[in-house]
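Please read the structure below before turning to the comments.
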Amino acid sequence: MVTRLRKISHTSQFRQCFDSILCKKYSTLTVAPGKDYKNLAAFHKKLTGSKRILALCGAGLSASSGLPTFRGAGGLWRTRNATEIATPEAFETDPGLVWLFYAYRRHMALKATPNLGHFALTALAENLPGFLCLTQNVDNLSIRAAHPPSQLRPLHGSLFNIKCSNPHCSYTEKNNTSDPLHPSLALAALDPAEDEPHPLLDPSHALEHMPAADLPACPECKALLRPDVVWYGEPLDEDMLTSVDEWIDDAQVDLVLVIGTSAVVWPAAGYIERARGRKTSVVTINPEAEKPDNLRKMRKRDFAFVGDAAVLLPQLLEPIIGKPGKNGTYKSKLTSTPNVGC
Ligand code: APR
């Protein structure tokens with residue numbers, strides 16, 4: 001079965017999940033959270049007894065690195081909803097606009113640096129072989145925080161991987177960090193003065209239509225190049241999904257960390273319940289963790305911590321990863337040197 005990226009609404013969530021092979025265990029019924037659901041000591045007890053931990057990360061993990069999230073404040077790009085631009089249809093209609101959107105996100109991600117939340121997750125991976133991190137983020141900040149690739153699954157691809165848009169051409173480029181990627185996208189790499197809006201974000205600044213012939217082209221077949229990220233309606237990498245399934249099925253998952261995600265995009269959101277066993281605790285780390293919608297989905301063993309992932313993750317994971325060093329990063333057990341972003 002091909003698993004495509006799609007938004008899920010809470011009302012259709014159950015039916016879709018029961019329909020899916022990927023998520024046949026999805027059966028959350030409303031149970032009130034237990035009395036200790038925001039008790040740090042109770043969480044630490046669960047954490048230190050956990051051998052297998054799964055994390056599902058979203059845009060909120062990179063929020064304190066200065067990267068906007070998709071929904072809510074910051075979710076608009078010019079006058080368009082950011083999620084409308086991430087579609088094959090938008091690329092077909094106006095590849096120039098879609099490329100500018102991604103070129104701008106590449107530029108922002110290159111300027112950003114990983115935060116303590118990324119580094120805390122790296123340290124968790126280094127200290128706990130049974131930790132697997134699923135990220136919906138395409139900003140490469142986890143990789144730049146030296147998260148071991150074998151314990152990271154970038155479900156939605158990377159802004160820095162490029163591929164040919166021609167389905168019959170296999171041309172790809174990995175980790176291309178050129179900025180701008182192409183002379184036609186130079187506007188996206190512009191850094192205006194601090195008190196001026198970026199011309200790309202200012203809807204009153206009209207954008208000239210860019211003919212396809214001016215955009216980055218495949219050196220092999222001359223079709224348009226495109227970012228190697230998963231757009232709505234597109235399939236996710238089957239091998240990656242299989243590896244996640246196999247990891248989940250291998251043994252009981254003790255803890256699921258749900259970090260900075262609105263958990264409304266399929267199939268990523270389904271992994272929260274897919275990984276849930278009888279003794280699993282799900283912990284939500286999000287400024288909106290105590291919204292009624294989230295509290296309604298919680299079970300007795302679950303936790304919810306309200307706030308910035310960059311602040312909370314170091315505190316929550318401290319019994320395993322220790323305290324960060326003076327420069328704010330953790331000592332790597334493997335290299336005895338602090339992890340630094342590149
Ligand atoms: N720390 C933790 N969480 C935060 C922070 C923060 N500092 N700031 C915001 N958040 C939370 C928001 O409350 C929200 O729940 O992060 C979440 C971000 O949600 P979305 O913007 O929907 O991002 P995400 O869940 O990653 O979106 C999933 O949608 O468009 C697609 O492919 C795109 O990967 C993306 C997917």
Nearest heavy-atom pair of [X] and [Y]: which atoms, and what distance?
X	Y	value
Leu236	Pro267	CD1-CD, 3.6 Å
Glu173	Leu225	OE2-CD1, 4.1 Å
Ala146	Thr122	O-CG2, 3.3 Å

message = Under a 3.5 Å distance rule, please check whether Thr172 uses its side chain to pair with a backbone N or O of Lys163 as donor and acceptor.
response = no
ask   = Where the side chain of Ser62 meets the backbone of Ser65, is there a donor-acceptor pair that is under 3.5 Å apart?
value = no
query = Would you say Lys38 has more than 12 foreign heavy atoms packed within less than 6.0 Å of its NZ?
reply = no
request  = Count the heavy atoms of every other residue, nucleotide or ligand shown that sit under 6.0 Å from CD of Glu92, and state whether that count exceeds 12.
outcome  = no
task = Decide, yes or no, whether a salt bridge links Arg274 with Asp245 under the criterion of side-chain N to carboxylate O below 4.0 Å.
result = yes
inquiry  = Using the rule that Ile, Leu, Val, Met, Phe, Trp and Tyr join whenever any side-chain heavy atoms are under 4.5 Å apart, tell me whether Tyr232 and Leu241 fall into a single cluster.
reply    = yes
ask   = With a cut-off of under 6.0 Å to the ring centre and 45° to the axis, is Arg226 in cation-pi contact with Trp231?
value = yes
key: Point-to-point distance, once rounded to the nearest 0.5 Å, from CG of Asp179 to CZ of Phe160   = 8.0 Å
Between CG on residue Asn140 and OG on residue Ser142, distance to nearest 0.5 Å = 8.5 Å
query = Does one side chain, of Thr284 or Asn286, offer a donor that lies under 3.5 Å from an acceptor on the other?
reply = no
message = Using the salt bridge (charged side-chain N to carboxylate O under 4.0 Å, His left out) definition, which of the options Lys46, Lys297, Lys35, Arg276 pairs with Asp302?
response = Arg276
